[in-house]
Protein chains: 2
Amino acid sequence: MKKNEIICPVEYSFQLLGGKWKLPIINVLAKSGVIRFKELERTVVGITPKMLTIQLRSLEADGLVERKIYATVPPTVEYKLSTVGKSIKPMIEEMEKWGLYHQSLKG
Amino acid sequence: MKKNEIICPVEYSFQLLGGKWKLPIINVLAKSGVIRFKELERTVVGITPKMLTIQLRSLEADGLVERKIYATVPPTVEYKLSTVGKSIKPMIEEMEKWGLYHQSLKG
DNA sequence: CAGCATCCCAACAGATACTG
DNA sequence: CAGTATCTGTTGGGATGCTG
């Protein structure tokens, strides 16, 4: 998909949240508040460190996630939703309602 | 993306609506009610007949879109949202609100 | 711990030409 | 009109191994 061809505003949300991992990550961040990389890796079932890094960087670049580094040994990095990231919640809830509704139709 | 690995209910919506074209198509269908293939091709800016066919078949298989064939010459095929398809509207509106909000942040 | 680098494959998407 | 067939290129995602 060519990322720069946004066709309608709705599509914009998909540009930012699409792919296999972004929504699961945001869901975890929404529930946990602040969380470290390794803990995130454990909580988002099935994700590899590589994909977690890529997705977090992408979310960070879009201003949805904030990253805070502590100069400790071993290193500590914490992630949390930004203000904009938190504003996604109503949308996610609506998507969740619809997803559950549609799943229930198929038994 | 492995289509059968749904991680959270929210992700379910992305399985059904993800990709470049499905939301634009559904948006047009939501506004027009009933529409023919060629008219759809003209309205969804930039789509090719091939992609339109693939996406419509996929949406049909997921029960979001209904297809009605008339045995005329030349052939007539009409598409419209199913009841389930129409149930997406609140979710799309929420996504549209958020998309517009986030776009406005970037000026 | 928190990552980056490399290689690889499958799915997605576009262009073009053709058909009932 | 409403598609299908074929070829081709791009992107997303996985596996593995290595580093500060």
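Each chain gets a letter, A, B and so on, in the order the sequences are listed, and its residues count up from 1.
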Give me the distances for all protein-to-nucleotides 18-20 of chain C N/O pairs that come in under 3.5 Å?
none

- Query: Roughly how far, to the nearest 0.5 Å, is the CD atom of B:E11 from the CH2 atom of A:W21?
  - Reply: 8.5 Å
- Task: To the nearest 0.5 Å, tell me how far A:E94 CD sits from B:K89 NZ.
- Result: 14.5 Å
- Message: Could you tell me if the side chain of A:R67 sits less than 4.5 Å from the side chain of A:R57, heavy atoms only?
- Response: yes
- B:V65 meets the side chain to side chain contact (heavy atoms under 4.5 Å, CB included) criterion, sequence neighbours left out, with B:L29, B:L56, B:L59, B:Y79, B:L81
- Query: Between the two ends of the helix from C:dC1-D:dG20 to C:dG20-D:dC1, what is the bend in degrees, rounded to 10 degrees, where each end axis spans five pairs?
  - Reply: 50°
- Is the phosphate of C:dG3, meaning OP1 or OP2, less than 4.0 Å from a side-chain N or O of A:K38? no
- Item | Rounded distance [0.5 Å steps], CG in B:L16 versus OG in B:S58 | 8.0 Å
- Message: From OH of A:Y70 over to C1' of D:dG20, roughly how many Å is that when rounded to an integer?
- Response: 20 Å
- Considering only NZ, NE, NH1 and NH2 on the basic side and carboxylate oxygens on the acidic side, decide whether B:E66 and B:K80 come within less than 4.0 Å. yes
- Give one of base, sugar-phosphate or nothing for B:T76, where a contact means two heavy atoms less than 4.0 Å apart. sugar-phosphate
- Task: Check the distance between D:dA2's C1' and B:I47's CD1 and give it to me in whole angstrom.
- Result: 14 Å
- Any side-chain N or O of A:Q55 under 4.0 Å from OP1/OP2 of D:dG12? no
- Query: Going from CG on B:L64 to CD1 on B:I26, what distance comes out if it is rounded to the nearest 0.5 angstrom?
  - Reply: 5.5 Å
- Task: Write down the distance between CD1 (B:I25) and P (C:dA13), rounded to a whole number of angstrom.
- Result: 11 Å
Please produce a list of atom pairs where a protein N or O lies less than 3.5 Å from an N or O of nucleotides 3-9 of chain D.
from	atom 1	to	atom 2	distance (Å)
D:dG3	OP1	B:R57	NH2	3.1
D:dG3	OP1	B:R67	NH2	2.8
D:dG3	OP2	B:Y79	OH	2.6

- Query: What about A:Y101 and A:M95, same hydrophobic cluster or not, with Ile/Leu/Val/Met/Phe/Trp/Tyr joined at side-chain heavy-atom distances under 4.5 Å?
  - Reply: yes
Tell me which donor-acceptor pairs under 3.5 Å the side chains of residues 33-47 of chain A have, and how far apart each pair is, sequence neighbours excluded?
from	atom 1	to	atom 2	distance (Å)
A:E39	OE1	A:R42	NH2	3.1
A:T43	OG1	A:E39	O	2.6

- Query: Is there a side-chain contact between A:W98 and B:I88 (heavy atoms, below 4.5 Å)?
  - Reply: yes
- Task: Using the test salt bridge (charged side-chain N to carboxylate O under 4.0 Å, His left out), find all partners of B:E96 that sit at least two apart in sequence or belong to another chain.
- Result: none
- Note on the structure: B:R42 atom CZ is separated from D:dC1 atom C1', nearest whole Å, by 10 Å
- Query: For the pair made of NZ in B:K20 and P in D:dG12, what is the distance, rounded to whole Å?
  - Reply: 12 Å
- Message: Let me spell it out: for each of A:G46 and B:E78, pick the nucleotide of DNA chain D with the closest heavy atom. Which residue's pick is nearer the 5' end?
- Response: B:E78
- Item | Whole-Å distance separating the CD atom of A:E41 from the P atom of C:dC1 | 9 Å
- For the pair made of CD in B:Q15 and C1' in D:dG13, what is the distance, rounded to whole Å? 13 Å
- Note, A:V10 side chain near B:N27 side chain (heavy atom, < 4.5 Å): yes
- Query: Can you check whether A:R36 has a side-chain N or O nearer than 4.0 Å to OP1 or OP2 of C:dC1?
  - Reply: no
- Quick one: B:M51 CE to D:dT11 P, roughly how many Å, whole number? 15 Å
